[in-house]
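All values derive from a computational prediction rather than experimental measurement. Computed from heavy atoms alone, side chains included, the values below leave out hydrogens, waters and symmetry copies. Quick note on labels: first sequence line is chain A, next is B, and so on, each numbered from 1.
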Amino acid sequence: MWLKDQTMQRKNKNIKSQLFKVGFFFLIVGILVIISTPLTKLKGEVFEEMRLAIFQLNINKENTTISDINTENLEMTTENTEVAEENDKKANYSYIGELSIPKIKLRRGFVSKESRYNNIEYNITIAQEADYPDVPMGNFILMAHSGNAYISFFDKLYKLQIGDEASVSYNANTYNYRLTNIYNQAKTGTVAIYRNPNVKTLTLITCTHNDDYNQTIYIFEEI
Amino acid sequence: MDLSILEQLMTFITLPFQSFLTIEILLIFIILLIFLLYNEKRKSKKVKISFTALIIFFFSLLVFYFSEDIITVLSEIIKTLMRCFYFPNIIFYIITALISLILLIYTSLKNNLTKLNKIITYIFTIIHLYLFTNFISLAIINNISLTDTANIYQYDDMFVIVLFSQIIFILLIIYKVIYHFCYIKYRKLKNIK
């Protein structure tokens, strides 16, 4: 009888210990699953910082080159830069510019329209219909996801208000803009942009915050 | 920043009396300290438990009121660790190489370490130092300035070398920590001094 009790107790202890191990395993897996998304997002931010630092470094190098030579050679330098950019595009993706919105602490680079990484799944994307920021009276159109995913680069755009500022660095120049209009449109696959054609503008397009059926358009005008 | 030592001291002394809130904070901490010191004499278990509960309550309140800031701070800490792992600056990388070197020399000189421990340490440290040497030689060959971190990581081969050597270094540290704890536990079990 006593022996039976002992065996039963040992069995119970074993089951408890095994249950504890299984529970602990699931707890660890659960924690890993929960933290994996924010960790991936943080990792993306760290890599983004480095890409921007490399982009800034290359801009500084280009500036040094331009100040060292006379203006006759400027065209030649531009061609060389284009060739270098083309090579870069083949190897990996290097940024040609940077969008910065200090209010929401957004700093993100963008690649050229021709790059295969000019895709909403990789980067802030330049619309094919967009003009580059150096085009007079042009409209520079950028699109990105919003939400909670790692690629939701425009997840905090909804916090912007009329009058907030943004800047775009492109070709060693910085273009400053002020938000002048925000409006929504239904998601139909196309978007109508209402802007002043006599002013250089920056247009940001993303999904409307907490709304699956609309998209929001932010129109900035150059200061 | 430009204060003299005397001014720094005066600022430090007058700091707790600048507002009602700072005086309150000072009083709370003094009471807590007296409470703990008094309990050292009485050794009451109830006081210990209630003190722990109070601390947890206090920090829960902080978490509740400043959750967004705490998340920001935690994110920054994790990002700093990630930066150290993926894109360490040259000083950090040299420090890891020095730690590896010291571990290698210590392991080779120490006689009372197990053979397996020595072999594992040798493998990890040698690979790590080999990658570090490779990194330096690549920088010299390609004339890469190591002072600017971004300058290093625009080259893919440099990034890969650093990444792999960081993985090896972390494995080495994890192994050493686990070994150390197992060793202490083993000695405790065997009652070896």
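Smallest separation of non-hydrogen atoms from A/L42 and B/S75: CD2-CB, 3.9 Å. Taking both residues in full, the closest heavy atoms of A/V46 and B/R83 are given as CG1-CG, 3.8 Å, listed atom of the first, atom of the second, then distance.
Within 6.0 Å of the OH atom in B/Y122, the count of heavy atoms belonging to other residues, nucleotides or ligands exceeds 12. The number of heavy atoms from other shown groups lying within 6.0 Å of CD (B/E68) does not exceed 12. Counting non-hydrogen atoms of other residues, nucleotides and ligands closer than 6.0 Å to CZ of B/F164 gives a total of 12 or fewer. More than 12 heavy atoms of other residues, nucleotides or ligands lie within 6.0 Å of CZ in A/F47, so this atom counts as buried by the packing criterion. Counting non-hydrogen atoms of other residues, nucleotides and ligands closer than 6.0 Å to CZ of B/F58 gives a total of 12 or fewer. The number of heavy-atom neighbours closer than 6.0 Å to CD1 of B/I5, taken from other residues, nucleotides and ligands shown, is 12 or below.
When heavy atoms are compared at a cutoff of 4.5 Å, A/L39 approaches chain B by way of both its backbone and its side chain. Both the backbone and the side chain of B/Y153 have a heavy atom closer than 4.5 Å to some heavy atom of chain A.
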With side chain to side chain contact (heavy atoms under 4.5 Å, CB included) as the criterion, how do B/Y86 and A/K43 come out once you've worked through the C-alpha distance, each side chain's angles and the decisive distance to 0.1 Å?
CA-CA 9 Å; B/Y86 288 109; A/K43 187 188 160 195; 3.3 Å; yes

Go through the steps to decide whether B/K79 and A/E49 satisfy the test side chain to side chain contact (heavy atoms under 4.5 Å, CB included), and finish with yes or no.
CA-CA 10 Å; B/K79 272 167 83 174; A/E49 277 173 16; 3.5 Å; yes

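Note: B/I152 CD1 to A/M50 CE = 8.5 Å, rounded to the nearest 0.5 Å. In this structure, CD1 on A/I54 lies 7.0 Å from CZ on B/F87, to the nearest 0.5 angstrom.
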